[in-house]
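Okay, structure first, notes after.
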Amino acid sequence: MAVSEEECSSAKSRSSSSASSSSSSHYLAKCVLRGSVVLQVLYGHIRFPTSYDVVFGKETSIELVIIGEDGIVQSICEQPVFGTIKDISILPWNDKFCTQNPQMVGKDLLVVISDSGKLSFLSFCNEMHRFFPVTQVQLSNPGNSRNQLGRMLAIDSSGCFIAASAYENRLAMFSVSLSGGSDIIDKKILFPPENEVDGSAARVQKNSIHGTIWSMSFISKDPSQSSKEHSPVLAIILNRRDAVLNELLLLGWNIRDQDIYVISTYVEDGPLAHSIVEVPHSHGFAFMFREGDALLMDLRDAHNPFCVCRTSSNFLSNVVDEANFVQESSRGCDLSRVLQVDDEGGLFNVAACALLELSDLDPMCIDGDKYNVNVTYKHVCSWTWELGNVKNPRMIVCADTGEYFMIEIMFGPDGPKVQESECLYQGSPSKALLWAEGGFLAALVDMGDGMVLKMENGMLLYTSPIQNIAPVLDMSVVDYHDEKHDQMFACCGVAPEGSLRLIRSGISVEKLLRTAPIYQGITGTWTLRMKVIDSYHSFLVLSFVEETRVLSVGLSFTDVTDSVGFQPDVSTLACGIVNDGLLVQIHKNAVRVCLPTKAAHSEGIPLPSPVFTSWFPENMSISLGAVGHNLIVVSSSNPCFLFILGVRVLSLHQYEIYEMQHLSLQNELSCVSIPHKRFGQTNNSLPFGVDVSNTFVIGTHKPSVEVLSYGPNEGVTILASGMISLTNTLGTAISGCIPQDVRLVLVDRLYVLAGLRNGMLLRFEWPAASAMPLSVLTSQSLVGRQIYDKLYEKTKDYYPVELQLIATRRIGITPVFLVPLSDSLDGDIVVLSDRPWLLHTARHSISYTSISFQSSTHVTPVEMVHSNRLNVQKFHLGGTPREVLYHSESRLLLVMRTDLIDDTCSSDICFVDPLSGSVLSSFKLEPGETGKSMELVRVGNEQVLVVGTSLSSGPAIMPSGEAESTKGRLIVLCLEHVQNSDSGSMTFCSKAGSSSQRASPFHEIVGYATEQLSSSSLCSSPDDTSCDGIKLEETEAWQFRFAYSSTWSGMVLAICSYLDRYFLASAGNAFYVCGFPNDNPQRVRKFNVARTRFMITSLTAHFTTIAVGDCRDGVLFYAYHEDSKKLQQLYFDPCQRLVADCILMDVNTAVVSDRKGSIAVLSSADYSEDSASPECNLTVSCAYYMGEIAMSIRKGSFSYKLPADDVLKGSDGNIDFSRNAIIVSTLLGSIITFVPISREEYELLEAVQDRLVVHPLTAPILGNDHNEYRGRENPAGVPKILDGDMLSQFLELTSMQQEAVLSSPFGAQGTPKPSLKSRHVPIPVNQVVQLLERAGGDRAHLKDHVARSQFSTVNTAELSIMPMRRNILDSQYAIIDT
């Protein structure tokens, strides 16, 4: 049915009024999953002088990880740098260095050059759990000019000298100061001098560096000679313009005369040299890698360099027709060059120059002919040296064919000899390599998962993956399980590593075991070890209203209550292990110590029944209790008493519980916890007078938290006390502040966590003065005045310390329970309230991540035997998955694949089961045909799939930006639900791409990314249909039925549905309005056509508005008039932009991303229809420079709707974060959300951001001007989208630091808006925290976490064991959801 002009006008008017508010609203950008592409990998003593830490250098962030003993990469932290990293290196600690900061002694520094134009020195702060700049040296102006310093780094092995080069013609050298002053750099020299900066003034002669610098390395001297006494020697590989061969230049720096000069030049006929690498501990030897071989150079005499040895002829030998790999013409190909390409065939030169201003190489195309390149020579693309091998240095290299070799240098009386190995491993070519301790090798891949390999018996063996989901070419956001929470299916990687990945917010969980629904009325869960030093738990204790059951922990759970000795007909309040083999049960009437039998555990007593003894309070009942090592604490409520109990042996298998002390309390206890004693736990950084082994923590109804200790001679001592008195932004006291749970945590410092009954979480710390003897601070305690009198004689010199409230967070409205994931005091903690969270204890302030599971009331860790199941489910599809759609009727995914290794086709469209990744059916395109676009379009009451393809090879775009003369095809496929299908008429694949899985040993693999959002595996218990052994219904299937095709003039690059009865399709620089006459999918009619000046790259529509994105003019708005069947251009983009993707939020507002890394919101709401014309420009409402190219933009949100949201929202209710939110995915693997906020919140957060960007604790660590960085590629004066990554740092600060930030004046960058200048009232901390926590949403984690961490959950009275993916700790946990 046609829509009349009046209906269109009225509808547009209605949506325009709503859109005006939408377009005027502001956005907050939040990176929920950071890019997974690792460009550099480093090794050093980062956290401590004795730690061996790995640093991943990414383009826009730095990640600190460790490789565990099991070869799993575990993330410590990931930090955005608010800039673009160009190169990063380690400055090793030198004993000759002096530093005034004792925390830096023995620790290595990171040296980074970036687009800020500065050379930055970073040190890791354990207290703040992040990197901070030590000093910065200005090298050049900010930006990416070829002739400006800041492209490549080289550092002398002794750490005394640093070199930084431009892309061409220029370099600088620095000497590192040994004096220990504030400046790390002692001297600096530029070459050529600043007065010869202009290339025309530079002398182009043999003894100059006029040309492109491909590689550089310092050549070390004999360590017996002081490095400061002799000039450093720098070797560089130089490519002169029009030269056939590259040169090896040796440069010297005469420090006394401040002169850089060319010592010698070396050129040898043969293959092209691309890299120079110093041999460690050799004092003058270096490898020069060339295409096809490697030369060992003797550079001890810098005036006479010569080759002493070259690799044998079979090493890097010639290879012909090596499929699936690409020959690079220089030292590795930066992923930024590879990914910043036109995925429709190859960038035209003009756009490429705009997009790749610094590219030395032509960008490689994803759809090009790279998969059939004839490789003439292998060449080394990455290398790494063995640590600590001084005698015979060994190096592992990776060739561009994915082969890994070892090179060993043996120094003998006849000189050095080089020995090469056979191929040690065949996989994907790596961008960066690192040989770590334990024989592990980290291999990072550009567009696929990296690997951790291990050297064993002279071979490299696959150990674990390092996940890399880049590039994310497309995504589909859908609430697949009706959880009121979106999840993402993403097309990741390129052939042969292409895959489909499922990404959900929060830490992921999966069911490993599920019981029948027999656990109604559960009140508590605990896990117990048989011995204190046991690695794994032996028992799972379940407490019910009037019953207790004890289950043995294993692959199945067996009830062993009668063999353990717990009293079964009571509800257990607490339990634990007081000593080896002694289990304690606390219930309201007694405390019982039990000795289990061998029937319950192999270490039990050899008796037919368990032995137990009990202690009973006199004329009162027990309300709370806790069990620790050789210590039991219980309390009563009426009257209020605290009992300290111990256990002593009477004879073999006979024990006695005895009372060591009891106290009368003034206030009733609300909770109590005793830290577990773990052998080998250090007590560094403890406050004075605190011994964790005899300390326990209590919460009271006062309300307060108290830290107490017990000693045989001293009795109970009050060590510290913290009062709880909270107010809201209106100054009203917050009710319900009674502690529900308390925990003692020790990570770098000791602090107390308290979960309150009103859904709040608090962190208390000892004041700095407590490092000295306990300060005399007056504080009222929970203990009555008479108890103070009794304890006064013992504690008169040590009054209780007043704990400082460091941070508060509201995470829900229900009581907060704290469950540590391990017995160590630094273990992360599962926090239960409205929903489960994972609290990162190592973070400053309070930092937590959501867990992808429904709300639960009970959780307990379960440490079980090591499991090889990993975190994220990855569906290996083969080829390159280009587009994905969710078909709601079948609940299946439609995936377009290209670059298939198939004799019959190279591209297809397939049905994929989102649970198992199975390819259920597929439609193969013609040989030589490549799929480009697809969209579901409604025809009558059914949906069909409209597919656009390319029938031509080569680029789609001319250098001018116009469309190439090509051919394409438009195809219409019907989606049929087949009943009782004949198995012979259809082809079902059990798993796609099985033939290409040889390079990747695992089907389900995880990788790894920073501390942010988590991907979830749906594959769970054996009885869950999401497992690999899924049985599809043999009587049901979905398949494609061909309905229509037509050859078009031009590649069909974009398709979208329009008004539910048309569809739009582009070919070249034209787009068509098409439809199905009489709702017949076998007929397609073109109703009208419109043309743009340049190649169309995207199409999107909302109601009657059509947004067209091209590769030069940006976004253009059109409208289609059904009555006249005419297209009218309405609005024009005010800026030139190469559109990557575009989406319409309403008829007036478009969100567009470009190929330079920016995203902008364009609006036509300011123009009336009467005055509108094609010449009326769209308004850029706001913009944001991401530094990454967003290839896919979708509506959706990763945020959960919590009951607490209504409380946090307040009375005005002017924010709805889940509505109209935007999700974008980038080529570097990032996922970024843009959340709409109101003008009032925008102004509030903008004022906070203006202070954060200049505050020393939160300013960009590489020295970038934040305002300039986020405003790049956008017109001056355009409002900026708020930076959620910058604002989220506010949550990591303590309350005092937050107050200091908000009270600080604006800095040079902080130029407040007029509306903010008039703001005289202070910014309320609580309001900022609440707003950021809601706006920030959940983060995703794609980590290499092993499923040792598991939990048990009771959902509708079912008990389930589930693994949870975490950063460092390996345990499992049990969740009970009642």
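Keep in mind that the numbers below use all heavy atoms, side chains included, and drop hydrogens, waters and symmetry copies.
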Can any side-chain N or O of Ser75 pair as donor or acceptor with the backbone N or O of Val65 at less than 3.5 Å?
no
Kindly indicate whether the side chain of Leu708, heavy atoms from C-beta on, has any atom under 4.5 Å from the side chain of Thr695.
no
I want to check something: taking the side chain as every heavy atom from C-beta on, are Leu750 and Leu744 in contact at a cut-off of under 4.5 Å?
yes
Could you check if a side-chain atom of Val705 sits within less than 4.5 angstrom of a side-chain atom of Ile698, using non-hydrogen atoms only?
no
Polar side-chain atom of Thr841 near backbone of Asp826 as donor-acceptor pair, under 3.5 Å:
yes
Taking side chain to side chain contact (heavy atoms under 4.5 Å, CB included) as the criterion, tell me which of Leu645, Asn579, Ile657, Ile632 meets it with Val584.
Ile632
Heavy-atom pair with the smallest gap, counting every atom of Thr572 and Gln585:
OG1-NE2, 3.0 Å
Test your reading of the model: is there a side-chain donor-acceptor pair from Ser571 to the backbone of Phe544, 3.5 Å cut-off?
yes
For Asp569, give me all partners under side-chain hydrogen bond (donor to acceptor under 3.5 Å, both in side chains), at least two apart in sequence or on another chain.
Gln567
Lys531 atom NZ: more than 12 heavy-atom contacts under 6.0 Å:
no
With Glu546, which residues qualify under side-chain hydrogen bond (donor to acceptor under 3.5 Å, both in side chains), at least two apart?
none
Verdict with reasoning, Gln740 to Arg757, per side chain to side chain donor-acceptor pair (under 3.5 Å):
CA-CA 5 Å; Gln740 177 65 44; Arg757 294 182 178 178; 3.2 Å; yes
Look only at the side chain of Arg549 and the backbone of Val560, and say whether a donor-acceptor pair between them is shorter than 3.5 Å.
no
Counting distance only, does the side-chain N/O of Ser847 pair as donor-acceptor with the main-chain N or O of His840 below 3.5 Å?
no
Ignoring hydrogens and angles, write down the donor-acceptor pairs under 3.5 Å from the side chains of residues 605-628, residues two or more places apart or on other chains.
{"residue": "Ser623", "atom": "OG", "partner": "Ser635", "partner atom": "O", "Å": "3.1"}

Partners meeting ring-ring contact (aromatic ring centres under 6.0 Å, His included) with His587 (sequence neighbours left out)
none
Indicate yes or no for a side-chain donor-acceptor contact from Thr558 to the backbone of Ser552 under 3.5 Å, with no hydrogens or angles considered.
no
I want to check something: taking the side chain as every heavy atom from C-beta on, are Leu761 and Leu839 in contact at a cut-off of under 4.5 Å?
yes
For the side chain of Arg743 and the backbone of Leu818, is there at least one donor-acceptor N/O pair under 3.5 Å apart?
yes
Would you check if the side chain of His601 reaches a backbone N or O of Glu603 as a donor-acceptor pair within less than 3.5 Å?
yes
With distance as the sole test, does Asp53 use its side chain to make a donor-acceptor pair with the main-chain N or O of Arg47 at under 3.5 Å?
yes
Who are the side-chain hydrogen bond (donor to acceptor under 3.5 Å, both in side chains) partners of Glu659, not counting sequence neighbours?
His662
Taking the six-membered ring of Tyr655 as reference, does the cationic atom of Arg648 (NZ for Lys, CZ for Arg) lie under 6.0 Å from its centre and within 45° of its axis?
no
Do Val591 and Val634 have side chains that approach each other closer than 4.5 Å (heavy atoms only, starting at C-beta)?
yes
Please indicate whether Glu69 has more than 12 foreign heavy atoms, meaning atoms of other residues, nucleotides or ligands, lying under 6.0 Å from its CD.
no
Is a side-chain N or O of Asp828 found less than 3.5 angstrom from the main chain of Leu838, in a donor-acceptor match?
no
Check Val564, Leu583, Thr527, Thr548 against Val541 for a side chain to side chain contact (heavy atoms under 4.5 Å, CB included) and give me the one that passes.
Thr548
Rounded distance [0.5 Å steps], CG in Leu64 versus SG in Cys77
5.0 Å
What residues form a side-chain hydrogen bond (donor to acceptor under 3.5 Å, both in side chains) with Glu668, not counting sequence neighbours?
none
